Visitor: 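Before we start, here is the structure in question, set down as structure tokens.
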Number of protein chains: 2
Amino acid sequence: MKLDLDRIDVRILQELQQDSSLTNQELADRVGLSPSPCLRRVKALEESGIIDRKVTLLKRSELGLKLTAFVQISMDRHTPDRFSVFEEKVNSFPEVRSCNLVTGQNCDYLVEVVVEDMEKYHDFLLGQLTRIPGVSGVQSSFLLRSVKENTSLPLGHLM
Amino acid sequence: MKLDLDRIDVRILQELQQDSSLTNQELADRVGLSPSPCLRRVKALEESGIIDRKVTLLKRSELGLKLTAFVQISMDRHTPDRFSVFEEKVNSFPEVRSCNLVTGQNCDYLVEVVVEDMEKYHDFLLGQLTRIPGVSGVQSSFLLRSVKENTSLPLGHLM
DNA sequence: GAGTGTTTTGGAATAATATTGCTAAAATAA
DNA sequence: TTATTTTAGCAATATTATTCCAAAACACTC
């Protein structure tokens, strides 16, 4: 949060958030610039750290990943040791897409898990997640329908 | 879920999930192929629909987006009309990163909201979210620390 | 309001990379 | 083994990114 962005920078970020496979020429057209200054801005945004990285998103349904679970996890004690062990474990599980430590009375962590089916989820839950020391409460909700899935961040406040 | 993938395809997908800015040559090196067959496989994966799209991820902290909220939303009645109005609205809010209809006794929707600060969240909640007809219950948890944020899907089951 | 320094742009030349067609090799099946 | 199919690798071509330099826009001073 240091460099100031003008309208063109914000539009570049908006376009790239939606589609990073744009060529520099297409991007330049869309933001109303010629290729060279456009590329220079993109590089500057990468240098500045505003742009984190570029990734490819795959389709779950095409990969046989039919079950997504949202898991609320409570810990028995809130000690640094408990947390660090849990977090290390969670990071090593490819089934875990996201894990967030949150405020709230109900739970400590919100975890999103993607697996093939309910049987695999059962195995993961009992074989992996609940085996982590300190995990005292687990409550699962299952995805019925994805209404919105958006990797974009809001940029309206910059303009 | 139709085409069969061999080990090389899976490795290509794994690499691209992590970093889509790889050049085809680099990718070919990593998976042990020469550039042309590698590119052909990538194109085939795009054609097949397994690859959804490529996006650029930005850093929240660098954009002054200091508050992430996980919101549990309950609806008064479970009618198609209630749902479609809610979902249309939610899709129009840039602050909403994801919205999922889920099973569970506690709530109907899990929504992730990204804003600048608590004041902006307050405005969004009272001015937008709770104004949608049918929204009867709202419970917010706030992000304390992001432990894992991974756009990759697990592919281990394919091998 | 003209002049000066700074920043940003656009165009052209160059370099890197993607893309395609073709041939050979490898894998598969009979 | 042999025929058939699939896949890889090479080389030529096309596309795209990158760099450099002169011109334009902008801000600031006097």
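Note on naming: letters A, B, ... go to the chains in the order of the sequence lines (proteins, then strands), and numbering restarts at 1 for each one. This is a predicted model, so every value here is computed, not measured.
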Visitor: Checking B/Thr130 side chain against B/Leu125 main chain: does a donor-acceptor pair fall under 3.5 Å?
Guide: yes
Visitor: So, is A/Arg41 near the phosphate of C/dT9, with a side-chain N or O under 4.0 Å from OP1 or OP2?
Guide: yes
Visitor: Atom pairs under 3.5 Å, N or O on each side, protein against nucleotides 24-28 of chain C: can you list them with distances?
Guide:
none

Visitor: In whole angstrom, give the distance that lies between atom CG of B/Leu5 and atom P of D/dT7.
Guide: 12 Å
Visitor: Using the salt bridge (charged side-chain N to carboxylate O under 4.0 Å, His left out) rule, collect all pairs that involve residues 92-115 of chain A, keeping only residues at least two apart or in two chains.
Guide: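 Matches after skipping sequence neighbours: A/Arg60-A/Glu112, A/Arg97-A/Glu112, A/Arg97-A/Glu149.
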Visitor: Will you find, in the side chains of B/Ser152 and B/Asn150, an N or O donor that is under 3.5 Å from an N or O acceptor?
Guide: yes
Visitor: Can we say A/Arg41 and A/Asp9 salt-bridge, meaning some charged N sits less than 4.0 Å from an Asp/Glu carboxylate O?
Guide: yes
Visitor: Might you list the N or O atoms of the protein lying below 3.5 Å from N or O atoms in nucleotides 22-27 of chain D, with each pair's distance?
Guide:
none

Visitor: Are the side chain of A/Asp52 and the backbone of B/Lys59 linked by a donor-acceptor contact shorter than 3.5 Å?
Guide: no
Visitor: If we ignore hydrogens and angles and just use 3.5 Å, is the side chain of B/Gln17 paired with the main-chain N or O of A/Leu58 as donor and acceptor?
Guide: no
Visitor: Distance check needed: D/dT7 P versus B/Leu33 CG, whole Å only.
Guide: 11 Å
Visitor: If I take atom CG in residue B/Leu27 and atom P in nucleotide C/dT17, what distance separates them, rounded to the nearest angstrom?
Guide: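 Distance check: B/Leu27 CG to C/dT17 P gives 14 Å.
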Visitor: Where do N or O atoms of nucleotides 15-19 of chain D meet protein N or O atoms at under 3.5 Å, pair by pair?
Guide:
from   : atom 1 : to      : atom 2 : distance (Å)
D/dA17 : OP1    : A/Asn24 : N      : 2.8
D/dA17 : OP2    : A/Asn24 : N      : 3.1

Visitor: Within this structure, what is the CG-CG distance for the pair A/Leu65 and B/Leu158, rounded to the nearest 0.5 Å?
Guide: 7.5 Å
Visitor: Could you check whether B/Asn106 and A/Gln72, counting side-chain N and O atoms only, form a donor-acceptor pair closer than 3.5 Å?
Guide: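 Absent: no donor and acceptor within the cut-off.
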Visitor: Is it the case that more than 12 heavy atoms not belonging to A/Glu88 sit under 6.0 Å from its CD atom?
Guide: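 Check fails, neighbour count at 12 or below.
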Visitor: Please give, in whole Å, the distance from D/dT7 C1' to B/Ile12 CD1?
Guide: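 In whole Å, D/dT7 C1' lies 13 Å from B/Ile12 CD1.
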Visitor: Among all residues two or more places apart in sequence or in another chain, which pass the side-chain contact (heavy atoms from CB on, under 4.5 Å) test with A/Asp117?
Guide: A/Glu119, A/Lys120
Visitor: Would you say that more than 12 heavy atoms from the other residues, nucleotides or ligands in this model lie under 6.0 Å from the CD of A/Glu26, or not?
Guide: yes
Visitor: Hey, what bend do you get for the helix from C/dG1-D/dC30 to C/dA30-D/dT1 if you fit axes on five pairs at each end, rounded to 10°?
Guide: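 Computed from the C1' atoms at both ends, the axes differ by 40°.
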Visitor: For B/Lys89, does the NZ atom sit with more than 12 other heavy atoms under 6.0 Å from it, leaving out its own atoms?
Guide: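 No, because the 6.0 Å sphere around NZ of B/Lys89 holds 12 heavy atoms or fewer from other groups.
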Visitor: If every non-hydrogen atom of A/Ser20 is compared with every non-hydrogen atom of A/Lys54, which pair is closest and at what distance?
Guide: CB-CD, 4.2 Å
Visitor: Between B/Arg7 (CZ) and D/dT7 (P), how many Å, whole number?
Guide: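 Value for this atom pair: 15 Å.
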